[in-house]
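Naming: A, B, ... by sequence-line order, numbering from 1 per chain.
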Number of protein chains: 4
Amino acid sequence: MNRDKPWETPEQDWRRAIDTVRAGRPLRPDSWPGDAQCAFALSFDCDHETFELGTGRAAIGRLAWGEFGRRTGVPRILSTLARHDVRASFFIPAVSALVAPDALTPVTAAGHEIGVHGWIHENTSKLPRAVERELMLRARDTLRDLTGAEPVGHRAANWDLSAHTVDLVAELGFAYDSSLMADDSCYELLSHGTPTGVVEIPVDWIRDDAVYLLFNREPPTRPWTPPEAVFDIFRREFDAAFDEGSVCQLVFHPFVIGYRSRIWILERLIEHAKSRGSVWFPTHAELARWVWDTSAIA
Amino acid sequence: MNRDKPWETPEQDWRRAIDTVRAGRPLRPDSWPGDAQCAFALSFDCDHETFELGTGRAAIGRLAWGEFGRRTGVPRILSTLARHDVRASFFIPAVSALVAPDALTPVTAAGHEIGVHGWIHENTSKLPRAVERELMLRARDTLRDLTGAEPVGHRAANWDLSAHTVDLVAELGFAYDSSLMADDSCYELLSHGTPTGVVEIPVDWIRDDAVYLLFNREPPTRPWTPPEAVFDIFRREFDAAFDEGSVCQLVFHPFVIGYRSRIWILERLIEHAKSRGSVWFPTHAELARWVWDTSAIA
Amino acid sequence: MNRDKPWETPEQDWRRAIDTVRAGRPLRPDSWPGDAQCAFALSFDCDHETFELGTGRAAIGRLAWGEFGRRTGVPRILSTLARHDVRASFFIPAVSALVAPDALTPVTAAGHEIGVHGWIHENTSKLPRAVERELMLRARDTLRDLTGAEPVGHRAANWDLSAHTVDLVAELGFAYDSSLMADDSCYELLSHGTPTGVVEIPVDWIRDDAVYLLFNREPPTRPWTPPEAVFDIFRREFDAAFDEGSVCQLVFHPFVIGYRSRIWILERLIEHAKSRGSVWFPTHAELARWVWDTSAIA
Amino acid sequence: MNRDKPWETPEQDWRRAIDTVRAGRPLRPDSWPGDAQCAFALSFDCDHETFELGTGRAAIGRLAWGEFGRRTGVPRILSTLARHDVRASFFIPAVSALVAPDALTPVTAAGHEIGVHGWIHENTSKLPRAVERELMLRARDTLRDLTGAEPVGHRAANWDLSAHTVDLVAELGFAYDSSLMADDSCYELLSHGTPTGVVEIPVDWIRDDAVYLLFNREPPTRPWTPPEAVFDIFRREFDAAFDEGSVCQLVFHPFVIGYRSRIWILERLIEHAKSRGSVWFPTHAELARWVWDTSAIA
């Protein structure tokens, strides 16, 4: 792209930019396991201290606030999920896992999935291809060594993908990515127009707790949305997915949702979902497998 | 203007600045077609990928989110409008249309209007006059070639007009512009004090979904307004226009309103409007023609 | 102040900074005219186009939005005030008045006060003393020439006072200033520890409609507060002032409050105030005179 | 940390950054004094004029707004606390205290605690160790000289701690710090892995009134959260702490909460707490002593 005069960008250039990564065929199954009416895929990004470290900073206060995520947030989340017998996916930067490997045990012991979320929550879009590949591999290996299970899912930190990310995810054999937002149902990712065999479980900023509730210095965001309104937005996302018989996917952060005045949002969402009818709560890995297997090319 | 010491700007300079574009005679008809009590003019700005490309950037995530607008947002909007038999106007940057010309068919087939919205959602205020003219022509020609109909309406991207925009809109024969905000009823545009014959269908930031609901990186805006409050604001805008017997104009974006937790706002607004009494839902082109024809100079 | 190492600022320096302008004796009358229970002082800052011009910019869209204030906002406000037989104060930058002198007539004809609000809504804190003095005089003379009445009140644009502003306001014989916020009741201004004889009618950001409802590019603010919440805040400010038997002062802008979805806030506030009991709606000039005269030094 | 390429930071470096300050053993007593069900620890940061001065600036308007805190905010707070017979902690920068020493008397006379909050609300994270130590000592001595009581608590301005702050707090013999956020219950602070004997009474941005209600120029924050929602968030924080039998800690600022439209939040919170059952309202000093004494190492 011509950054200064974008209107002078030649057609082949803006077409190439757009075609780098694209949504391919929809992966919308006709039915869900156990005859559930819809799928409700919950995920928790355990950035903890790496939310700060990944930017190259190490402010004492921000690290403490990251520590809150592991010390207080995750246990509250696990206990909420256990109370309702619900499985979910935890995306964990490798450094965040290495800080306290023991903290992974209650996550995996409860049957939750652990997925790749960068080495140190780095901005992937700034990496040369070789560095990105090496960090992605190292992050996956680290999580496998710590948990004994090979991660099959990938989520880019802050959803900042480079032009190479999707190709690398495909090349390294991940079953799915969960960092893009071209749909609110699953789809197959295209790279430069070619199907990759990788399932996209789309996220969106509006289904992310941090967007509404994160205090941040730079950029200066504040938790200006009332928690009741956050619940209402997520509830509406679920209800419409339920009515469509589709999937509702949400992103939480232990250092955002794990507070006393917010954890009820997660609990009430689960209760509400169950009150609507039969709902499948898959891990992202289970979801990716189901939508892929049931949407085989005819 | 004296940028550093604005208080030293000579009177002739600040008068010239103010007089560049000005609201002229009001175009407020005494009645609406079919004896409707008021007019409700809905518009949808289909920036899609050009919201990102028009700034000279091409982040993978932002392009996916633009793709959401075309893949998911527009179909939801069209189905809502069809369910209520309502016509509206779609403003589409030419590049956005060229990315997927087939996506225009369901829009035009349903009787909606397509209007000019820049070449690549460029910032018009930064363009030399000749470049602005050429892009405006090229954008109009592109849309005409793709749809078979000559666009008669113009809306500047981000409502950033240059000092030449209104003159060019007049010179190129557009029936109306919809980028300014000197009133909430229609008016004739003045250029340097002279009537242009161009109808202004005023927009306003407060009647734009993105102002309340857009997640953006730079500037860092967040969807901090609860959807219920957005509905309430738009409902109040409509109700007061209804009570005045005037026009209510709204701006939506498929990548903003097209989500499951928000599309209901559009639907409930239409239902609410119809519940108040007889309401005319014109395209912007129909509205411009009506207010012009019924407000002939005595 | 030592800007880089504020902790090294010598005591005499931070004391001098603090003592430049200070709140003096409270001006809290025991009673209000007509045995009213409290005073409700409404003000409207008619920046219009100068909100943009005063920063040295002249974007077409921002000027149109300023024009909205005069063309649409002020008439709606005047009609609301007339309907309830309420008087208020309008602070108008001189350039804003010069753009359309006829627009002042309905304001003064209805008995409202017009006060000084800078020459072109310039940032007073950036002016040398002599320039500030000359602009303050010129602004007052302009308003007097246009309306036939000498303004007695002063409000600094954006409440950005220089170290000289209060001295100049006193020297030029204004009865009151309304730009500071050291209390929510009236007080006498001190300059370097000395009483000035100038009444301060305090404003506050939280009693300003723009804080909640202004769309701005730079800094990027949005109208994120629901109008119902704005009404609730202002209602609470009034109710507590009523209960104290004190004064409630509010600041509105025609280009902020003058929209269909917001003008009801003003109307309902007046209705609510009247429903509580006997309320005095003074102009700021009347208020300043009353609190001064009834608080004579014993 | 490698600021430009954080992903290249060696393991020993990110481990050292994380280990600088860490949460140690939990200090969660089995019971509260007087068999209360939980503790409700209220604090008020009296930055007043130093909120501005501490950044090296001295804008007239901001100083007036700081003056509001002392002149209007603190008296309203004291009267609310007195009405409900509740004790709290006031953290006061030394310069803020020196501006008006008489203003401390009603605070201490009512039995409230006064704690250290920097010299001039400086950013501690920018100070060399020796400067930080000297300012911390000088601030404590100043408060002791003015009130006759030695402060035992420390809170860093804006919660910006340097790598030395916790060590200095321990070395200078403070009983507790209240600037960190690794938990919502009390804990012992670790410095480089070693217990310090200092109690942490954790704060959090989400339990701070300014986060929701502060108007600021830079960064440009606005009071966008409706007061009712602020009450709801704090009420939820308290209710969950009550249900856990733990502690709820809140941070207020007189120049934020002290307005007529907001002071009710404090009052209604206290009323609500008392309506739930037996609640202990300790000063932070009393709280630190209790959690330390009742959590002796076995």
Test side chain to side chain contact (heavy atoms under 4.5 Å, CB included) applied to Ile206(A) and Arg262(B), step by step: CA-CA 10 Å; Ile206(A) 76 168; Arg262(B) 298 168 173 175; 3.1 Å; yes
Under a 4.5 Å heavy-atom cut-off, does chain B meet the side chain of [X], its backbone, both or neither?
X	answer
Thr9(A)	neither
Glu244(A)	side chain
Asp204(A)	side chain
Pro202(A)	neither
Ser179(A)	neither
Asp13(A)	neither
Ala156(A)	neither

Among the listed options [options], the residue most often paired with chain B at heavy-atom distances under 4.5 Å:
options	result
Arg22(A), Arg3(A), Arg15(A)	Arg22(A)
Ala229(A), Ala241(A), Ala17(A)	Ala241(A)
Val211(A), Asp183(A), Asp4(A)	Asp183(A)

For Ala182(A), is there any backbone N or O sitting under 3.5 Å from a side-chain donor or acceptor partner on Glu67(B)?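 No, because the side chain of Glu67(B) does not come within donor-acceptor range (under 3.5 Å) of the backbone of Ala182(A).
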Please check this pair: side chain of Trp224(B) against backbone of Pro223(A), looking for a donor-acceptor N/O pair closer than 3.5 Å.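 Side chain of Trp224(B) to backbone of Pro223(A), a donor-acceptor pair under 3.5 Å: no, none is there.
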Part of [X] lying under 4.5 Å from any heavy atom of chain A:
X	value
Ile120(B)	side chain
Leu135(B)	side chain
Glu228(B)	side chain
Val131(B)	side chain
Leu98(B)	both

Ile60(B) and Leu180(A): CA distance, side-chain angles, deciding distance, side chain to side chain contact (heavy atoms under 4.5 Å, CB included) verdict: CA-CA 8 Å; Ile60(B) 303 293; Leu180(A) 283 161; 4.0 Å; yes
Measure from NZ or CZ of Arg236(A) to the centre of the six-membered ring of Tyr259(B) and say whether it is under 6.0 Å with the direction within 45° of the ring axis.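 Pair Arg236(A)/Tyr259(B) does not count as cation-pi.
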May I ask you to test the [X]-[Y] pair for a side-chain heavy-atom distance under 4.5 Å?
X	Y	answer
Arg57(B)	Met1(A)	no
Trp205(A)	Arg217(B)	yes
Leu53(B)	Ile18(A)	yes
Pro227(B)	Ile233(A)	yes
Pro219(A)	Arg222(B)	yes
Trp65(B)	Met181(A)	yes
Leu63(B)	Val21(A)	no

Is any side-chain N of the basic residue among Asp184(A) and Arg76(B) closer than 4.0 Å to the acidic one's carboxylate O?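 A salt bridge links Asp184(A) with Arg76(B).
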Once you round to the nearest 0.5 Å, how far does CH2 of Trp14(A) lie from OG of Ser96(B)?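 One gets 9.5 Å once the value is rounded to the nearest 0.5 Å.
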Gap separating the CZ atom of Arg71(B) from the OH atom of Tyr187(A), nearest 0.5 angstrom: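 Nearest 0.5 Å value for the CZ-OH distance: 7.0 Å.
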Measure across Pro6(A) and Thr55(B) and return the closest heavy-atom pair with its distance rounded to 0.1 Å.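 Closest approach of Pro6(A) to Thr55(B): CG-C, 4.0 Å.
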Please identify, among Glu49(B), Glu122(B), Arg62(B), the residue contributing the most non-hydrogen atom pairs under 4.5 Å to chain A.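 Heavy-atom pairs under 4.5 Å are most numerous for Glu49(B).
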Quick one: do the Ser246(A) and Arg260(B) side chains pair a donor with an acceptor below 3.5 Å?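 Side chains of Ser246(A) and Arg260(B): pair found under 3.5 Å.
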